[in-house]
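What you see is a predicted model, and the numbers here were worked out from it, not measured in a lab. The figures here come from the full heavy-atom set of this structure, side chains too, leaving out hydrogens, waters and symmetry mates. Within every chain, numbering begins at 1; the chains are lettered A, B, ... in the order of the sequence lines, protein sequences first and strands thereafter.
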2 protein chains.
Amino acid sequence: MATIKDVAKHAGVSVATVSRVLNEIGYVHEDTRKKVEAAIGELQYTPNEVARSLYKRKSRLIGLLLPDITNPFFPELARGVEDEMHENDFRIIIGNSDENIKKEKEYIQTFVQNNVVGAIASTNHPDTDTYRKLNIPVVFLDRTADNRPSVYSDGREGGRIAAHEMVARGSREITIIQGPKHVRPAQDRYQGAADILSDQGILFNVVQTSSYSFTEAGTWAKELFEQYPNTDGVIASNDIVATAVLHEALRLGKKVPDDVQIIGFDDILLSSLLTPSLTTIRQPAYDMGRAAASLLIQLIENQNIDHKTIQMPVTFTERDTTRKVEQHG
Amino acid sequence: MATIKDVAKHAGVSVATVSRVLNEIGYVHEDTRKKVEAAIGELQYTPNEVARSLYKRKSRLIGLLLPDITNPFFPELARGVEDEMHENDFRIIIGNSDENIKKEKEYIQTFVQNNVVGAIASTNHPDTDTYRKLNIPVVFLDRTADNRPSVYSDGREGGRIAAHEMVARGSREITIIQGPKHVRPAQDRYQGAADILSDQGILFNVVQTSSYSFTEAGTWAKELFEQYPNTDGVIASNDIVATAVLHEALRLGKKVPDDVQIIGFDDILLSSLLTPSLTTIRQPAYDMGRAAASLLIQLIENQNIDHKTIQMPVTFTERDTTRKVEQHG
DNA sequence: TTTATATGTGTAACCGGTTCCACATTAAGG
DNA sequence: CCTTAATGTGGAACCGGTTACACATATAAA
């Protein structure tokens with residue numbers, strides 16, 4: 001690889017001059033610029049970002065920490081982040097935490113060691129020292145952190161909508177599947193749904209889960225119908241779990257949505273392709289990723305920012321696991 | 001952030017000594033080591049990877065280039081790569097190429113500029129200068145490159161199996177959906193299937209596609225049944241496309257698998273969850289990712305390697321979009 | 001014409017590590 | 001007791017960039 005010295009020698013100037021034309025900073029004579037540019041072209045020189053980063057104490061890299069890219073919701077987020085970052089010439093170091101604090105810390109440390117300029121993290125522990133002590137901007141994605149920059153969707157409202165729509169469509173003995181205790185958005189969704197049902201005095205059961213894995217989801221789905229056989233409506237913690245419930249219901253010979261209605265959360269690709277297709281509360285994942293990236297860039301560039309916390313809207317996406325309500329009016 | 005100088009001062013030694021204890025190289029007196037380790041602990045010092053990387057001219061970073069992480073096949077690969085790399089203390093810079101040469105080049109350049117020690121690429125152009133001129137090891141994943149390190153599954157064999165099983169289950173007018181022309185594995189699959197059908201003298205049609213996007217897949221599915229209404233078997237280029245075909249067939253009132261059989265490729269999560277669930281040719285994506293990472297690490301560490309090319313087995317995964325064959329014997 | 005200012009370029013310090021080398025001290029061998 | 005090898009440590013060069021500063025020349029203003 002050619003270095004700046006090679007270019008300098010080749011063009012018959014000093015490295016400082018080469019640096020000036022590279023960065024378009026300071027005075028450089030037109031003729032000199034041309035010589036340097038020619039040399040750069042001939043040697044196919046591209047500056048070493050590592051050296052640059054060392055001196056400047058910041059790179060063009062940002063860290064992206066996600067729970068598990070294998071969960072279909074996260075690639076959408078990741079892609080949104082990447083697209084926005086790429087357009088702004090930032091690159092991404094990625095890590096999967098598996099919701100595991102140790103791995104999370106490890107990755108954050110890697111980010112710091114590599115001089116990232118900022119990070120986007122989807123974590124359940126935004127209030128730990130791991131983040132508080134960081135002196136780079138961090139945007140929390142899909143998870144809130146009070147008073148810290150974050151992009152998330154309104155899980156509570158989502159839960160409310162789900163409960164409301166399900167009741168409006170006639171379910172009277174509802175089971176809510178409560179997501180993993182340590183996953184914040186899952187608890188918000190649960191809380192929203194529970195609030196509405198309590199308010200309306202509707203009976204509901206709760207099934208507690210501890211992960212989003214599909215295999216385990218099957219087990220909980222079985223458990224659900226064993227424990228609460230009269231359930232006529234299920235509000236699931238996400239679409240993966242909802243899918244497992246749908247399969248179990250069908251396996252038990254229940255008619256969906258006639259015997260049981262099901263509402264999921266997220267709206268991943270899968271949801272629209274199931275038979276019957278899954279009614280769900282949609283989160284604009286890709287847009288959330290882009291928004292987080294955009295916010296982080298503003299933070300990095302130290303622009304004044306009005307809204308450090310961006311709440312994205314959640315939408316009821318009606319498909320075939322819920323009954324239709326008659327048109328009024 | 002504390003630097004090595006701070007640690008040295010704090011411990012009352014030189015930076016060289018601190019470096020020695022960090023790297024466990026050369027002679028260091030036990031007492032000195034303890035002092036240094038104490039200082040490191042107190043200052044919460046972690047070495048700056050950038051400085052290290054600059055001097056050594058290599059980092060602990062590897063580049064991972066994928067077409068599109070939004071396509072459910074790739075997160076599996078990515079996760080396999082990440083897990084293997086993480087266990088070996090390598091971190092990942094990720095990029096989505098969208099099968100676009102310009103973006104691909106950009107990312108490869110970023111990798112080089114950041115001193116990555118190696119790269120894993122899923123590209124259709126492994127034989128370009130972009131890769132040939134690189135002086136870091138590269139492993140091609142999911143895509144072959146003759147005589148270059150690569151991990152892929154036997155697409156041709158997969159195509160053959162699909163054709164064979166479909167014929168064995170009675171389809172006689174088969175339509176093969178040929179994946180994008182520029183995507184190598186897609187062409188292999190097509191070729192494998194076409195070979196078998198030709199050999200057996202079975203009539204088949206071909207529908208040409210140009211991407212893996214689900215929305216477009218719907219269009220091709222429509223086209224398929226318009227152009228070849230008598231199709232009684234579809235071999236799709238992957239599970240996404242197969243899903244679109246399944247939906248279109250159902251929409252047209254065809255019975256699957258009685259009127260039309262469908263075989264996909266990849267075996268993504270979605271496939272097992274459809275109704276009817278999708279018969280497909282499974283690729284061990286996660287394991288492929290791990291294998292690629294492991295191979296790259298060997299290459300980086302310059303170990304002697306027997307098999308620079310790893311072909312992973314492909315398996316017929318029978319589900320409900322194909323008819324059952326009777327047990328013989 | 002003289003002075004102030006703008007333009008153009010090179011030298012060298014610096015970023016935070018690693019490693020070569022010189023030098024000192026201690027332990028082992030004859 | 002002397003020589004040699006092993007052990008222990010620090011100074012300084014180096015990796016490849018960026019930038020403060022000094023210096024030279026050209027241009028504009030007085």
Tell me which pairs pass side chain to side chain donor-acceptor pair (under 3.5 Å) where either residue lies in residues 179-188 of chain A, with sequence neighbours left out. Q178(A)-Q187(A), K181(A)-Q208(A)
Under a 4.0 Å heavy-atom cut-off, which of residues 32-53 of chain A touch DNA chain D? Y45(A), P47(A), N48(A), A51(A), R52(A)
Taken in chain and number order and not counting sequence neighbours, the residues that satisfy side chain to side chain donor-acceptor pair (under 3.5 Å) with S19(B) are N23(B)
From dC15(C), dG10(D), dT18(C), pick the nucleotide closest to the side chain of R20(B)? dG10(D)
Partners passing salt bridge (charged side-chain N to carboxylate O under 4.0 Å, His left out) against R33(A) (at least two apart in sequence or in another chain): E30(A)
List for me each residue that meets salt bridge (charged side-chain N to carboxylate O under 4.0 Å, His left out) alongside D129(A), sequence neighbours excluded, and say none if there are none. R132(A), K133(A)
For the helix from dT1(C)-dA30(D) to dG30(C)-dC1(D), what angle separates the axis at the start from the axis at the finish, each from five pairs, in steps of 10°? 40°
I'd like a table of atom pairs between the protein and nucleotides 5-7 of chain C - only N or O on both sides, under 3.5 Å - with the distance next to each one.
unit_1, atom_1, unit_2, atom_2, d
dT7(C), OP2, Y27(A), OH, 2.5

Which pairs with one or both residues in residues 127-151 of chain A pass ring-ring contact (aromatic ring centres under 6.0 Å, His included), sequence neighbours excluded? Y131(A)-F140(A)
Any side-chain N or O of S14(A) under 4.0 Å from OP1/OP2 of dT9(C)? no
What is the nucleic acid contact for T3(A), judged by heavy atoms within less than 4.0 Å: base, sugar-phosphate only, or nothing? sugar-phosphate
Could you pull out all residues at least two apart from F90(A) that satisfy ring pair (Phe, Tyr, Trp, His ring centres under 6.0 Å)? none
Suppose we screen for ring pair (Phe, Tyr, Trp, His ring centres under 6.0 Å). Which residues come up paired with Y107(B), at least two apart in sequence or across chains? H86(A)
Under-3.5 Å N/O pairs linking protein and nucleotides 22-27 of chain C:
none

Under the criterion salt bridge (charged side-chain N to carboxylate O under 4.0 Å, His left out), which of E84(A), E76(A), E82(A) is the partner of R290(A)? E84(A)
Residues 39-46 of chain A side chain polar contacts: donor-acceptor under 3.5 Å, at least two apart:
none

